[in-house]
Amino acid sequence: MLIIAAIKNGYNLDKLVHAIMYAHWVDDANLSNFDDLAKITNLVGLKAHQLIEAAIAKDVLDTYDKNTEEAVAMPVFDPPTNVIDVDMFYGQDWLDLVEYALNKPFQETISD
């Protein structure tokens, strides 16, 4: 929900998402804990209280619910899961393929 709120408020997602993933995968941060989220958010120079408050707003919760429904329908089962067009990549080990797919989608590669 924090990332959705950041998108809706035009914040720099690169820094925020990197900090969230690092805190989760390296520091074992609890991403459902507001204190942990506040620490992460403050580290990237955002106002934690405002962003966390925005994250629990109805429009953000509605977007989160919609995204969750779409993920279940795909079916996404492991974070992080990245979907580029119709290609799905599970886990952080495949990020080099995600980058490749963003630059040259696999459908184009196959038909070339």
Side-chain angles (χ1 to χ4, degrees):
M1 293 178 289
L2 193 69
I3 295 170
I4 296 167
I7 291 168
K8 289 183 180 271
N9 286 287
Y11 292 127
N12 181 332
L13 286 183
D14 290 338
K15 287 182 180 180
L16 179 60
V17 170
H18 178 78
I20 289 170
M21 297 304 264
Y22 187 90
H24 178 65
W25 292 105
V26 176
D27 297 332
D28 200 29
N30 179 350
L31 300 182
S32 63
N33 178 287
F34 286 132
D35 290 335
D36 285 357
L37 291 174
K39 289 176 191 173
I40 295 164
T41 306
N42 286 329
L43 278 174
V44 296
L46 300 176
K47 295 179 181 172
H49 177 74
Q50 289 177 345
L51 190 55
I52 290 170
E53 189 174 301
I56 58 175
K58 183 179 179 345
D59 65 323
V60 171
L61 295 174
D62 289 346
T63 300
Y64 180 83
D65 290 341
K66 180 180 175 252
N67 291 348
T68 300
E69 289 171 12
E70 289 176 8
V72 169
M74 283 183 176
V76 170
F77 65 88
D78 189 29
T81 296
N82 297 283
V83 180
I84 312 300
D85 294 324
V86 297
D87 298 309
M88 214 179 275
F89 304 91
Y90 300 101
Q92 63 186 3
D93 299 340
W94 301 104
L95 292 179
D96 55 335
L97 291 178
V98 170
E99 179 181 24
Y100 183 84
L102 286 168
N103 292 316
K104 185 169 183 169
F106 290 123
Q107 290 177 342
E108 291 178 20
T109 303
I110 292 170
S111 64
D112 286 349

Worksheet item: Would you say Tyr11 and Tyr64 are hydrophobically clustered, going by side-chain heavy atoms of ILVMFWY under 4.5 Å?
Response: no
Item to complete: Before accepting this row, confirm whether a basic side-chain N of the pair Lys39/Asp35 lies closer than 4.0 Å to the acidic partner's carboxylate O.
Response: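 Result for this pair is no, no salt bridge flagged.
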Worksheet item: For Phe89, which of Thr81, Asp96, Ile84 qualifies under side chain to side chain contact (heavy atoms under 4.5 Å, CB included)?
Response: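 The option that passes is Ile84.
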Please report the closest heavy-atom contact between [X] and [Y], naming both atoms and the distance.
{"X": "Ala55", "Y": "Val60", "result": "O-CG1, 3.3 Å"}
{"X": "Met1", "Y": "Leu61", "result": "SD-CD2, 2.9 Å"}
{"X": "Thr41", "Y": "Lys47", "result": "CG2-C, 4.3 Å"}
{"X": "Val44", "Y": "Ala19", "result": "CG1-CB, 3.6 Å"}
{"X": "Ile40", "Y": "Ala23", "result": "CD1-CB, 3.5 Å"}
{"X": "Asn12", "Y": "Asp14", "result": "OD1-N, 2.9 Å"}

Practice prompt. Might you work through the salt bridge (Lys or Arg N to Asp or Glu O under 4.0 Å) test for Asp62 and Lys58, ending with a clear yes or no?
Written response: CA-CA 6 Å; Asp62 289 346; Lys58 183 179 179 345; 2.8 Å; yes
Worksheet item: Quick one: CZ on Phe34 to CG on Leu37, what's the gap to the nearest 0.5 Å?
Response: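 Here the interatomic distance stands at 7.0 Å.
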Worksheet entry | Partners passing side chain to side chain contact (heavy atoms under 4.5 Å, CB included) against Asp27 (at least two apart in sequence or in another chain) |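 Asp27: side chain to side chain contact (heavy atoms under 4.5 Å, CB included) contacts with Tyr22.
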